[in-house]
2 protein chains.
Amino acid sequence: MESATETTSIDTLFDDLDRASPVPLYFQVSKRLESAIRSGHLAAGAKLENEVSLGERLGISRPTIRRAIQELVDKGLLVRRRGVGTQVVQGPVTRQVEFTSLFDDLRTSHQNPSTRVLTFERVEAPSAFAEHLGVRQGSLVHHIRRVRLASEVPVAILENYLPITAIDLNREALTTSGLYAQLQAKGVTMRVAKQRIGARLATPEETELLSVDVGSPVLTMQRTAYDSAGAAVEYGTHCYRTDYYSFETTLVNR
Amino acid sequence: MESATETTSIDTLFDDLDRASPVPLYFQVSKRLESAIRSGHLAAGAKLENEVSLGERLGISRPTIRRAIQELVDKGLLVRRRGVGTQVVQGPVTRQVEFTSLFDDLRTSHQNPSTRVLTFERVEAPSAFAEHLGVRQGSLVHHIRRVRLASEVPVAILENYLPITAIDLNREALTTSGLYAQLQAKGVTMRVAKQRIGARLATPEETELLSVDVGSPVLTMQRTAYDSAGAAVEYGTHCYRTDYYSFETTLVNR
DNA sequence: AAGTGGTCTAGACCACTTG
DNA sequence: AAGTGGTCTAGACCACTTT
């Protein structure tokens, strides 16, 4: 009798589903399953109750149940096999690379983030930026450059360009929250971002700003982000201390 | 009359849909849309025909059409807005980080990949590996170490550990195809992988194997991959020349 | 043969955006 | 007010795996 092949059903898990809520049903179900997995109530390898009976038990149609489960499959928390069932993945449960700013990443992991604004100006778009955003070369854009610190240790240098048409930025607010939070507050929502991660040696200026030795490597990330209308709203080129930062991703094969 | 707000409908695009095919309908539709976007027949910013009418025109139900579109939204090729419609994203259309090996990446971009096998042996699992895979420390595992070359230039050093229970490896085949291709051929399918990307200075041995100067940085990637049963089947720790390799990812905010 | 997930249908109602 | 995507239902049939 292997516990790994035993069907697990947590009865109290879905007691507080709210059909009147604006939060979609599939999302409520998905979140409850996710927290059950992350908290260990559903152990690695545990087999889930099958879709049909789970739907009947909760009074939810099968497509809705399927969508809830699919969310977690996409996150790499569950694995489905036709003819067999659905299981919690083995191995450490990690968080996906989310669509958040470094500031939020650090705050949620209690790293006490802070920001030093080095540059805050409007400039004519350099060609490299104009090209990434389809903005006419020479048009005015925001240019900001910041050092991000975690518990007083500098971990990254963040340089960003944004079309001035997109948003009116506030220098003071940048020191107390992330750039993305400020964009969100102004009603600008990022929908798609494309990023490239690489590495190189730190420049002399970077070694000073990051307090690292000459000859140290830095992780680099270039990102272009687009809003819901498909228009580019941000181009950033960042570099990170390698001893304080790395990127985690989860890949899922459908 | 902006062309970007004009509804685009490509009539000949879906002529050869095959309902008898084992390939799902939504997948056929999705692939045809994707190639229309990548080829430029659907330009950046172009507005798609709405879901309902597209479904009626093709004789396909709306949920199936929606799923086809959702695939491309998840890939970052399309953007949907309630009350507005679906558009092709602005900006360069890039490929997602796929669940493939470096070998396949290089081959599909015509980089003429080849492999030098440095190590091919069975060893007792080092603790670092045993921990990542939940294998008992001391049990036998495959240990392979390879240099990957693209057009005769060394671009990466790949070190992998695999449980011997998972698969019987062939040293010769490793020189002519990727590790993943060999696993696939033996019926082992990767479903989920978790990876961490970082950077550091190359070790003396790595500078020699990669033909780079002393003091050069390398990109590093550690990956644990799981099969459809949720069991760990591979742990790899790789390093890449920074002047020949970088990681591209697309993030989508749902 | 029984049980599972994978696909597909034909509707329904709602929330949001735009004219 | 009209049009769009977002959610949800209640079925159906199929492909695959295990017993």
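Note: hydrogens, waters and symmetry copies are ignored here, and every other heavy atom, side chains too, is used. Each chain gets a letter, A, B and so on, in the order its sequence line appears, and its residues count up from 1.
Remark: the backbone N or O of B:Gly45 is paired with a side-chain donor or acceptor of B:Gln87 at under 3.5 angstrom. Put simply, the side chain of A:Thr64 never gets that close to the backbone of A:Ile60: no donor and acceptor are under 3.5 Å apart.
Atom CD in B:Glu56 sits about 12 Å away from atom C1' in C:dG11, given to the nearest Å. Rounded to whole Å, atom P of D:dG11 lies 16 Å from atom CD1 of A:Ile60. In this structure, A:Arg19 atom CZ and C:dC14 atom P are separated by 14 Å, rounded to whole Å. Between B:Leu58 atom CG and C:dT9 atom P there is a gap of 11 Å when expressed in whole angstrom units.
Side-chain polar atoms of B:Glu234 and B:Tyr226 form no donor-acceptor pair below 3.5 angstrom. Between the side chains of B:Gln70 and B:Tyr26, no donor N or O sits under 3.5 Å from an acceptor N or O.
Take A:Glu159 and apply the salt bridge (Lys or Arg N to Asp or Glu O under 4.0 Å) test, not counting sequence neighbours, and it matches A:Arg145. Qualifying salt bridge (Lys or Arg N to Asp or Glu O under 4.0 Å) partners for A:Arg81, counting only residues two or more places apart in sequence or in other chains: none. Applying the salt bridge (Lys or Arg N to Asp or Glu O under 4.0 Å) rule to A:Asp16 yields the partners A:Arg32; only residues at least two apart in sequence or on another chain are considered.
Contacts with DNA chain C (heavy atom under 4.0 Å) in residues 23-31 of chain B: B:Pro24, B:Leu25, B:Tyr26, listed by number.
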**Item:** Nucleotide-level pairing of DNA chain D, given in dot-bracket where Watson-Crick and G-U pairs need both distances under 3.5 Å and | marks other strands
**Value:** ||||||||||||||||||.
Nucleotides 2-5 of chain D: which of its N/O atoms have a protein N/O under 3.5 Å away?
from  : atom 1 : to      : atom 2 : distance (Å)
D:dG3 : N2     : B:Gly83 : O      : 3.4
D:dT4 : OP1    : B:Asn50 : ND2    : 3.0
D:dT4 : OP2    : B:Asn50 : ND2    : 3.3
D:dT4 : O2     : B:Gly83 : N      : 3.1
D:dG5 : OP1    : B:Thr86 : OG1    : 3.3
D:dG5 : OP2    : B:Glu51 : N      : 3.0

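The aromatic rings of A:His143 and A:Tyr161 sit parallel to each other, their planes meeting at less than 30°, with 60° as the upper class boundary.
A salt bridge does not link B:Arg62 to B:Glu56: none of the charged nitrogens lies less than 4.0 Å from a carboxylate oxygen. Here B:Glu51 pairs with B:Arg80 in a salt bridge; the nearest charged N to carboxylate O distance falls below 4.0 Å. Salt bridge absent: B:Glu71 and B:Lys75 never bring a charged side-chain N and a carboxylate O closer than 4.0 Å.
Residue B:Thr64 has a polar side-chain atom (N or O) positioned under 4.0 Å from OP1 or OP2 of C:dT9.
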